[in-house]
Asks: 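Okay, here's the structure, questions in a sec.
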There are 2 protein chains.
Amino acid sequence: MPLTVSSAPSTKALWRPALADIAEAAERLRPHAARTPLLENAQLNERLGGRLLLKAEPLQRTGSFKFRGAYNRVSRLGAEERARGVVAYSSGNHAQGVACAAGLCSAPAVIVMPADAPKVKLANTRALGAEVVTYDRLADDREAIGDAIARERGLTLVRPYDDPWIIAGQGTVGLEIAEQCAELAVTPDAVLVPCGGGGLVAGTSTAIRARLPGAEVYAVEPAGFDDTARSLAAGRRLANSGAAKSICDALLAPMPGELTFAINRELLAGGLVVTDAEAERAMATAFHYFKLVVEPGGAVALAAALAGKLPVSGRAIVVVASGGNVDPAHFASVLGRAQPI
Amino acid sequence: MPLTVSSAPSTKALWRPALADIAEAAERLRPHAARTPLLENAQLNERLGGRLLLKAEPLQRTGSFKFRGAYNRVSRLGAEERARGVVAYSSGNHAQGVACAAGLCSAPAVIVMPADAPKVKLANTRALGAEVVTYDRLADDREAIGDAIARERGLTLVRPYDDPWIIAGQGTVGLEIAEQCAELAVTPDAVLVPCGGGGLVAGTSTAIRARLPGAEVYAVEPAGFDDTARSLAAGRRLANSGAAKSICDALLAPMPGELTFAINRELLAGGLVVTDAEAERAMATAFHYFKLVVEPGGAVALAAALAGKLPVSGRAIVVVASGGNVDPAHFASVLGRAQPI
């Protein structure tokens, strides 16, 4: 279904992915991506007085959900486009997803990453065979750098979220959640999704609203980067101030995407916001109960449920843990100060 | 099939579980246990030049495989036995498995644990509703304490490994590995299993030798606690010296079990031994590539593969990560000094 969009400078077509596009992405991903488990812990449930189900995307290829969208996009390029290669800008998880997808499709990849990205993300992106170009996150415009490289070298730009194929790929998370809830015979009341530019929550909500219409979908953001929550409340896209800081390096997009926001304003029940301390507590809780390594940005949806941003008691809540790419020293320091609930 | 055993003081019958007993345990466990994923990482495979598949038992209920055997045993007790309750001695993972199984079966549980067990294991066992009795691991005889409590209070002793139902329950790990390998169309050359008293490897090898006869099964132990490796070489049960130390708290059984050794001597290809430093490197590697929290003893099979104790290059090797119950401070310290491969 075509969308009216005000401007889309270097995207040829912004159309809105439907459930069928997500199902098709799932077929395309099947040989390459993991069907990550939906984890549950009886003791944690008892503590919360409800059911909390955690979609474990740290167990996805490249350690985050980003491989899903990247592969769904890159694998659709023609032979000539593949031969020329792709470029992406990313704080690190999209970087790894695109580098891995490009490798599988025999396409060269250039990735534009902030110089202060977690070392594990920089190292893994290089290990996946990509050329990494770093920039200053506070001074430079990553989109301009990415666009310039794409033009100069004739590369295809793989956007991190404002692309229908990317959104359809991320939506396979929602499709799997719906399937896994059916297998468990549980009907969730809400699905909580970490949100940066909004691609994961746009795709997930498209699948969830179609398959589990009784479940409300929420975007969860770190404090100071609550552009989607504020935009949803205002009914139009609002940017972050640019002055805030957060340990949630994966979720620092400047404002909602054009296409993602068009989807999210229609499908989401709202936006929830958590502090860095709440995200750290969620990381410690995931370590303790789920034995899972979750990075700060990946832990915000769990954090929202644990911190009571919406009721869990007597209900069934799905939280997406979106990634686990965190430097060991950082993870160790979080374990040193944060307590599980 | 009945086994000739020299002595079995407080076990009424030592019989040897067959594949059918494991399949029956799998049915019994289905509503309560997780079917843990068999994880794989493309980058790690590339580094190793082969395929390494990791069975992720830290994601099992209670954070280790031990719930499988415990539930298979406790759920078979009659109403009267359940009402009186169960007792177990354990370094901590069997403790949690029995406490959880007893809770599900409405049976009171008394667990005899070393006073120096990881805090997380002591706390979780209590949180699962069990009464914890601590003992001095170096001075006291845990079996004697367990037997005495069983006699005095009329409780059923749930042994950690030398029990056919326990072995059949742990064997569901092997059954799932065989199923999951079939789903992936991979025929493993070897399956590596952490070994304390030998229950997990006895059950797993029973399933693997029946379902994947081309795969060799190895027990993996920490240096200084290589009683099974030495016993397999000698053809008879040998004890550990008692003087050694290891961070692998889950694998410090004094000697192979009677029933477990009778099975293992027939089915295993041999025993492999790793150092604590190799186990720590495996923990760091599991953190980095699999985003999984693995405790020291749970990491020894992965450690053996990474340290080249048997060839991985050009082959497909399954390693069982048997548990993830590790104190956060200990885990953080390992991340501080150990590097992934």
Asks: Given side chains that start at C-beta, do those of B:Val293 and A:Val293 come closer than 4.5 Å, heavy atoms only?
Replies: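 Yes. Closest side-chain heavy atoms under 4.5 Å.
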
Asks: With a 4.5 angstrom heavy-atom cut-off, which part of B:Val294 approaches chain A: side chain, backbone, both or neither?
Replies: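 Contact with chain A involves no heavy atom of B:Val294 at all.
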
Asks: Could you give the distance from CZ (B:Phe331) to NZ (A:Lys291), rounded to the nearest 0.5 Å?
Replies: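 Reported to 0.5 Å precision, the distance equals 10.0 Å.
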
Asks: Taking every heavy-atom pair that is under 4.5 Å apart, which of A:Gly324, A:Ala332, A:Pro328 has the most such pairs with chain B?
Replies: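 Heavy-atom pairs under 4.5 Å are most numerous for A:Pro328.
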
Asks: Heavy-atom cut-off 4.5 Å, strictly under: side chain, backbone, both or neither for B:Ala329 against chain A?
Replies: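 Looking at B:Ala329, nothing touches chain A.
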
Asks: With chain A, which of B:Val120, B:Asn124, B:Asn41 has the greatest number of heavy-atom pairs at distances under 4.5 Å?
Replies: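 Counting heavy-atom pairs under 4.5 Å, the top option is B:Asn124.
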
Asks: For the interface with chain B, which of A:Asn325, A:Thr36, A:Leu39 has the highest count of heavy-atom pairs at distances below 4.5 Å?
Replies: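 Most pairs with chain B among the choices: A:Asn325.
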
Asks: Is there side-chain contact between B:Leu59 and A:Leu59, with at least one heavy-atom pair below 4.5 Å?
Replies: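 Of all side-chain heavy-atom pairs linking A:Leu59 with B:Leu59, at least one is under 4.5 Å.
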
Asks: Using a cut-off of under 4.5 Å on heavy-atom pairs, state which of B:Pro340, B:Pro58, B:Gly63 scores highest against chain A.
Replies: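 Among the listed options, the one with the most contacts to chain A is B:Pro58.
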
Asks: Is it true that, when you exclude A:Arg35 itself, more than 12 heavy atoms of the residues, nucleotides or ligands shown sit nearer than 6.0 Å to its CZ?
Replies: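 Atom CZ in A:Arg35 is crowded, with more than 12 foreign heavy atoms closer than 6.0 Å.
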
Asks: Can you tell me how far apart CG (B:Leu128) and CD (A:Glu46) are? Round to the nearest 0.5 Å.
Replies: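 It is 8.5 Å, given to the nearest 0.5 Å.
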
Asks: Should the heavy atoms of other residues, nucleotides or ligands under 6.0 Å from CZ of A:Arg82 be counted, would the total exceed 12?
Replies: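 Yes, CZ of A:Arg82 has more than 12 neighbouring heavy atoms, counting only those of other groups under 6.0 Å.
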
Asks: What is the distance from atom CZ of B:Phe290 to atom CG of A:Leu292, rounded to the nearest 0.5 Å?
Replies: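 It is 13.5 Å, given to the nearest 0.5 Å.
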
